[in-house]
Amino acid sequence: MRIAVCIKQAVDEAELKFDHAGNAILSNAQTKLSTFDKNAVEEALRIKTLKGGEVIAFSAGNNESKKGLKEALAMGADRAVHIITETYERSSLTVSKLLSKAIEKYKPFDLILFSEGSSDIYTSLVPGQVSTMLGLPFIPFARKIEVHDKDVKVSQTLEEKTVIISSPLPAAISVVSEINQPRYPTLVQIMQAARKQIDEIREDSLGVEPKGYRVEYIRAQSVERKKVIFEGPPEETARKLLDALKREGVVK
Amino acid sequence: MRVAIFAENEKDLAELASAASIFAGREEMIEVSIAGEEKNISCCGRKVVYKLKGKQELNPEAISNVLRHVGEKYGISVFLLSTSKLCRAVASILSILTDTECITDAFDLSIEGKDVLASRGVFAGKATARLRCSIPCILTIKQGKYNPAEKVPCEVIYEDFTPPTKLNIVEVSEPQKASVDLKSARIIVSVGRGLKRKDDISMVEELAKALGAALGCSRPISSDLGWLPEEHHIGLTGVSVKPDLYIAIGISGQLQHLAGIKDSKIIAAINTDKSAPIFQACDYGVVGDMYKVVPELVKLLKSS
Ligand SMILES: Cc1cc2nc3c(=O)[nH]c(=O)nc-3n(C[C@H](O)[C@H](O)[C@H](O)COP(=O)(O)OP(=O)(O)OC[C@H]3O[C@@H](n4cnc5c(N)ncnc54)[C@H](O)[C@@H]3O)c2cc1C
């Protein structure tokens with residue numbers, strides 16, 4: 001079984017800073033492997049353990065992306081492919097085109113895995129876009145995957161319903177974080193990963209016209225809250241809280 | 001310009017029709033329905049009905065192909081979809097089938113020449129991005145941002161089209177519990193990982209009852225632990241709410257959770273950890289053990 005897993009080195013939302021005018025500072029911002037992408041890598045590795053084969057991680061992005069790919073390699077991915085873009089910011093459509101062109105070069109695959117959405121932008125568009133470009137059936141928001149020889153059975157949770165979907169292989173699936181508990185690589189694995197191969201593909205060699213939405217600006221969302229804090233014995237703090245909420249007119 | 005809208009429920013459809021009004025008048029709006037038999041009433045001038053066999057109404061591939069069919073037959077410039085998980089998937093597939101750009105979770109739409117401008121939350125709600133894309137395009141509209149449009153009598157057209165798909169919907173299970181309506185709740189009592197056992201939910205429920213509040217939760221409570229159904233899950237990947245009062249109990253206040261509650265009028269929090277981020281994002285906070293503070297609140301509410 002050959003499995004491709006697509007991951008993103010995302011700007012770490014917790015560390016994101018803004019300039020005086022309130023604009024997000026994205027150049028040299030701290031990054032991390034997008035939170036749920038670890039679940040996608042873990043799922044690929046879990047399936048490999050059951051079925052054998054190879055796991056190749058793909059990431060499109062600037063130089064920071066190497067860090068995420070190394071993390072995937074340390075977790076156990078066999079190989080990694082870095083599609084090098086000049087900037088961090090690319091529209092979902094452009095990223096999807098880059099990823100699908102790169103995946104084409106490493107064909108055939110039985111499964112392409114993604115996470116449900118990236119922790120920075122969370123458009124959740126890339127999985128469906130890449131799948132459709134590759135002509136593969138796409139199952140989103142999987143919380144359980146059962147791989148058989150010729151097909152795959154997926155349990156998916158939508159807002160109110162649980163749905164079981166089956167699809168012939170090859171197929172593409174995006175996973176939710178509840179699907180598994182990602183492993184932590186050991187120090188030895190991290191060191192071994194440093195020796196594993198990361199192929200590089202330059203974005204301009206793939207012939208993808210940057211297309212799609214353009215960013216006008218990204219600004220801080222400011223919400224002012226009163227931040228009145230009560231400390232002390234529960235009887236007292238409970239009464240103080242209730243009094244305050246009554247004064248606000250939100251509790252009668 | 002012609003617009004097609006698609007959502008899984010009436011409320012979302014009414015909001016989409018309202019958002020669509022910047023692109024077209026009601027006569028140029030088409031509601032796409034995959035339900036089968038349909039009444040001749042809609043927020044749009046026309047309703048195009050596809051009868052899909054099996055359980056295809058949950059198949060993103062089938063729905064995308066239906067929308068592509070609508071797009072080609074009726075000359076659609078803009079597709080508006082809800083932000084449900086199913087619609088997000090549909091939007092992504094459709095954007096490739098029609099080679100158009102897509103913006104998800106969009107609000108504050110405006111038109112500038114041949115472009116649409118839209119805002120969306122990014123970085124777990126810490127920032128807002130203003131995005132521009134050219135028409136034709138696909139937009140999924142953030143829930144609760146547009147006032148629902150009125151329904152009026154409309155023309156109904158039945159289409160006979162079988163969308164291609166490789167997916168097979170094997171089984172669908174509906175939620176067992178009666179559903180909660182968090183979006184229109186005036187007060188929400190919400191619980192997080194501070195809860196030690198599933199059974200202790202009853203303690204929080206009692207507070208909700210005393211306040212006449214709906215019960216919500218953080219993602220781990222519904223998704224990881226399964227202690228409450230998925231529909232109670234509030235935040236970036238769950239429901240966005242805007243009650244008069246939101247009480248976060250044993251919730252640390254991570255950005256992804258805050259993203260779903262920032263339109264609340266008043267936010268209150270109960271947490272043992274004084275340095276929890278929720279105390280930077282609330283109006284009133286109690287530093288204390290929920291297992292002691294919540295019963296006190298219930299006692300006070302019952303006695304008054
Ligand atoms: C892309 C992405 C999307 C996400 N979407 C969502 C989302 O939509 N909604 C969401 O909620 N999360 C979401 N998350 C997860 C989010 O990052 C947090 O992990 C989650 O919100 C934490 O839930 P919590 O506050 O209940 O748990 P924790 O962070 O574990 O906090 C528990 C809190 O309870 C307090 N506590 C413990 N015992 C007590 C006690 N006895 N009394 C009072 N307080 C106590 C602790 O001090 C702590 O602050 C998302 C994450 C990612 C990466």
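Quick note on labels: first sequence line is chain A, next is B, and so on, each numbered from 1.
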Counting heavy-atom pairs under 4.5 Å with chain B, which one of [options] comes out on top?
options	answer
A:Leu245, A:Val130, A:Val154, A:Ile165	A:Ile165
A:Gly22, A:Ser124, A:Ala24	A:Ser124
A:Glu116, A:Gln156, A:Arg214	A:Arg214
A:Met133, A:Glu224, A:Lys240	A:Met133
A:Pro137, A:Ser119, A:Ser166, A:Ser131	A:Ser166
A:Leu158, A:Asp120, A:Val176, A:Val163	A:Asp120

Judged by modelled atom types alone, do [X] and [Y] share a side-chain donor-acceptor pair under 3.5 Å?
X	Y	answer
A:Glu42	A:Asn180	no
A:Glu13	B:Gln256	yes
A:Gln221	B:Thr128	yes
B:Asp115	B:Ser134	no

Without swapping roles, check the side chain of [X] against the backbone of [Y] for a donor-acceptor pair under 3.5 Å.
X	Y	value
A:Ser34	A:Asp37	no
B:Asp244	A:Val250	no
A:Asp151	A:Pro168	no
A:Asp110	A:Arg2	yes

Less than 4.5 Å to any heavy atom of chain B: does that hold for the side chain of [X], its backbone, both, or neither?
X	answer
A:Ile179	neither
A:Glu15	backbone
A:Leu136	backbone
A:Ser177	both
A:Lys252	side chain
A:Phe141	side chain
A:Lys153	neither
A:Arg143	side chain
A:Thr237	both

Side chain, backbone, both or neither: which part of [X] has an atom under 4.5 Å from a heavy atom of chain A?
X	result
B:Leu167	both
B:Asp105	side chain
B:Leu301	both
B:Glu61	side chain
B:Gln254	neither

Output the option from [options] having the highest count of non-hydrogen pairs under 4.5 Å with chain A.
options	value
B:Val239, B:Val286, B:Val293	B:Val286
B:Thr237, B:Ile187, B:Thr165, B:Leu211	B:Thr237
B:Ile270, B:Ile103, B:Asp99, B:Leu258	B:Asp99
B:Gly288, B:Ala268, B:Ala281	B:Ala281
B:Glu101, B:Arg88, B:Lys299	B:Glu101
B:Ile267, B:Asn59, B:Asp289	B:Ile267

Rounded distance [0.5 Å steps], CG in A:Asp12 versus NZ in A:Lys32 |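 If we round to the nearest 0.5 Å, A:Asp12:CG and A:Lys32:NZ are 4.5 Å apart.
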
CD1 on B:Ile138 to SG on B:Cys102, rounded to 0.5 Å = 5.0 Å

Ion pair present between A:Lys97 and A:Glu203, side-chain N to carboxylate O less than 4.0 angstrom?
-> no

Nearest heavy-atom pair of A:Pro234 and B:Lys292: which atoms, and what distance?
-> CG-CB, 3.7 Å

Can you check salt bridge (charged side-chain N to carboxylate O under 4.0 Å, His left out) on B:Glu296 and A:Arg239, steps first, answer last?
-> CA-CA 8 Å; B:Glu296 275 306 323; A:Arg239 178 174 299 280; over 6 Å; no

Taking the six-membered ring for Trp, are A:Phe230 and B:Tyr284 parallel (under 30°), tilted (30 to 60°) or perpendicular (over 60°)?
-> parallel

Is the CG atom of A:Asp149 crowded by more than 12 outside heavy atoms at less than 6.0 Å?
->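 Open: at most 12 neighbouring heavy atoms sit under 6.0 Å from CG of A:Asp149.
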
